[in-house]
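Working notes, structure below.
Throughout, numbering of the chain's residues begins at 1 and tracks the sequence. Below, each value reflects all heavy atoms present in this structure, side chains not excepted, and no hydrogens, waters or symmetry copies.
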Amino acid sequence: MNENQIWSSFLTPRDQEVFAASGFGARGGFGKRPAFLIIDVSYGFCGQQAEPVLESIKTWPNSCGAVAWDAIPVIGKVADACRAKGVPVIYTTGVVREDKWDMGSWGWKNARIEEANKSASEQAQVGLPDGNEIVAEIAPQPKDLIVYKRKPSGFFGTDLHSYLQLLGCDSVYVVGTTTSGCVRATVIDAFSRNFRAAVIADGCFDRVQANHAVNLADMHAKYADVVPHEDVLEHIASLPQGLFELPRGV
């Protein structure tokens with residue numbers, strides 16, 4: 001994959017010249033002890049099926065629509081490869097009190113915040129799954145880890161950094177949603193903690209096409225390598241078996 005195919009149409013000629021001349025965008029390389037981070041691939045961000053985003057957000061205000069369902073098979077393929085090699089698979093998803101008091105700042109910029117954050121019991125009353133539930137197609141397996149968060153970054157106020165330290169990780173592969181929001185926030189926090197990051201372009205998605213493309217461009221320039229999933233599968237295959245002491249999964 002030529003990364004420029006994703007974002008080149010969203011950059012002006014001047015922007016492209018600046019990236020080329022500035023020195024940004026060098027390949028950082030994979031680490032030796034990676035973990036696979038799956039960011040917020042839940043019903044709230046995916047809907048229950050592949051359908052146009054403007055249709056999906058009628059029921060799921062935060063949905064990214066059909067692009068989510070294009071990424072889900074890629075995510076599953078990488079997750080299966082990680083499990084077969086014994087590489088940690090770590091999911092993030094949101095959590096909110098039943099009374100929604102802890103949503104805090106999320107309500108400042110979203111007029112549909114109450115709809116987007118219905119509790120599991122409220123969703124069940126109308127025959128829908130919990131919006132924070134990971135979609136069944138890539139459901140967590142017994143040895144996987146789940147991190148519950150209240151803000152965009154998977155690191156903020158969670159056990160993620162502690163888990164990566166316990167596992168002895170030096171790097172992360174990152175997929176999920178939204179590219180411009182929770183993926184980007186998690187990648188920048190990984191970078192800030194000196195973890196190498198590889199963002200799997202075809203495993204990420206966003207409800208806005210420009211946001212997806214431009215944020216991939218910016219992460220590739222400064223914080224991570226933006227790569228296709230085939231590159232990550234090749235790297236996983238090169239790793240020795242049994243690098244990590246994973247949960248027993250009982």
Side-chain angles (χ1 to χ4, degrees), residues 33-48 60 62-64 68 71-98 100 102-103 106 116-121 123-124 128-169 171-179 181-187 189-190 193 195 197-200 203-205 232 236 243-250:
R33 295 178 61 87
F36 183 36
L37 304 186
I38 302 174
I39 307 299
D40 297 358
V41 185
S42 62
Y43 289 109
F45 288 103
C46 302
Q48 292 169 273
W60 302 95
N62 284 337
S63 178
C64 298
I72 285 169
V74 171
I75 296 169
K77 187 181 299 185
V78 177
D80 288 344
C82 287
R83 294 183 187 112
K85 187 66 76 164
V87 171
V89 177
I90 305 176
Y91 294 78
T92 73
T93 191
V95 64
V96 65
R97 285 169 52 100
E98 187 78 16
K100 305 180 185 67
D102 52 347
M103 287 193 302
W106 284 117
N117 288 273
K118 289 180 180 176
S119 67
S121 60
Q123 291 290 79
L128 296 174
D130 180 3
N132 287 320
E133 181 183 344
I134 304 299
V135 299
E137 287 76 2
I138 55 163
Q141 301 301 303
K143 292 187 178 183
D144 299 340
L145 297 166
I146 304 175
V147 171
Y148 297 96
K149 65 188 184 69
R150 288 180 168 84
K151 299 298 179 186
S153 172
F155 288 93
F156 185 84
T158 76
D159 292 325
L160 179 55
H161 193 180
S162 177
Y163 288 165
L164 294 174
Q165 285 184 314
L166 181 61
L167 291 161
C169 294
S171 54
V172 289
Y173 313 128
V174 187
V175 295
T177 192
T178 59
T179 312
C182 298
V183 169
R184 180 188 173 93
T186 301
V187 166
D189 276 357
R193 290 164 169 78
F195 293 102
V199 177
I200 302 175
C204 293
F205 52 97
V232 170
I236 294 167
L243 272 176
F244 299 96
E245 185 177 345
L246 298 175
R248 288 178 295 165
V250 177

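Shortest non-hydrogen contact noted between I39 and T92 is CA-OG1, 3.4 Å. Between S121 and E98 the shortest heavy-atom distance is OG-OE2, 2.6 Å. The minimum heavy-atom distance between A79 and V89, with the atom names listed, is O-CG2, 4.1 Å. Of all non-hydrogen atoms in C204 and V174, the two that sit nearest each other are SG-O, 3.9 Å. Annotation for A68 and F205: closest pair CB-CE1, 3.3 Å, computed over non-hydrogen atoms. Across every non-hydrogen atom of I146 and P140, the tightest pair is CD1-CG, 3.8 Å.
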Go through the steps for W106 and K151 under the test side chain to side chain contact (heavy atoms under 4.5 Å, CB included), then give the verdict.
CA-CA 8 Å; W106 284 117; K151 299 298 179 186; 4.2 Å; yes
Evaluate the criterion side chain to side chain contact (heavy atoms under 4.5 Å, CB included) for residue pair E137 and I75; output intermediate values, then yes/no.
CA-CA 10 Å; E137 287 76 2; I75 296 169; over 6 Å; no
Could you walk me through whether I90 and L164 satisfy the side chain to side chain contact (heavy atoms under 4.5 Å, CB included) test, starting with their C-alpha distance in whole Å, then the side-chain angles of each, then the deciding distance to 0.1 Å, before giving a yes or no?
CA-CA 10 Å; I90 305 176; L164 294 174; 3.9 Å; yes
Going through the checks in order, is the side chain to side chain contact (heavy atoms under 4.5 Å, CB included) test met by Y173 and I236?
CA-CA 10 Å; Y173 313 128; I236 294 167; 3.5 Å; yes
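V41 places a side-chain heavy atom less than 4.5 Å from the side chain of I138. Taking the side chain as every heavy atom from C-beta outward, V175 and F36 approach each other to under 4.5 Å. Contact of the S162 side chain with the L166 side chain is not registered, since no non-hydrogen atoms from C-beta on lie closer than 4.5 Å. The closest side-chain heavy-atom distance from L246 to L167 is below 4.5 Å. Residues R184 and T179 have side chains not in contact (no heavy-atom distance under 4.5 Å, counting atoms from C-beta outward).
D80 and K77 are not joined by a salt bridge, as no carboxylate oxygen comes within less than 4.0 angstrom of a charged side-chain nitrogen.
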Without placing hydrogens or testing angles, list every side-chain donor-acceptor pair under 3.5 Å for residues 129-136, not counting sequence neighbours.
{"unit_1": "D130", "atom_1": "OD1", "unit_2": "N132", "atom_2": "N", "d": "3.1"}
{"unit_1": "N132", "atom_1": "ND2", "unit_2": "G94", "atom_2": "O", "d": "3.3"}

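Enclosure of atom CD in E245 is not indicated, since only 12 or fewer non-hydrogen atoms of other residues, nucleotides or ligands lie within 6.0 angstrom. Enclosure of atom OH in Y148 is not indicated, since only 12 or fewer non-hydrogen atoms of other residues, nucleotides or ligands lie within 6.0 angstrom.
Judged purely by atom type and a 3.5 angstrom limit, T158 has no side-chain atom pairing as donor or acceptor with the backbone of K149.
If you take OH on Y91 and CD on Q141, they are separated by 6.5 Å, rounding to the nearest 0.5 Å. The distance from the OG1 atom of T178 to the CG atom of D40 is 8.5 Å, given to the nearest 0.5 Å. Between the CG atom of L145 and the CG atom of L37 there is a distance of 10.5 Å, given to the nearest 0.5 Å. Rounding to the nearest 0.5 angstrom, the gap separating the CG atom in D159 from the CD atom in Q165 is 11.0 Å. Remark: R97 CZ to M103 CE distance equals 11.5 Å, nearest 0.5 Å. Note that CG of L243 and CZ of R33 are 5.5 Å apart. Values are rounded to the nearest 0.5 Å.
F195 pairs by the ring pair (Phe, Tyr, Trp, His ring centres under 6.0 Å) definition with H161, not counting sequence neighbours. Looking at residues two or more places apart in sequence or on another chain, you find no side chain to side chain donor-acceptor pair (under 3.5 Å) involving N62.
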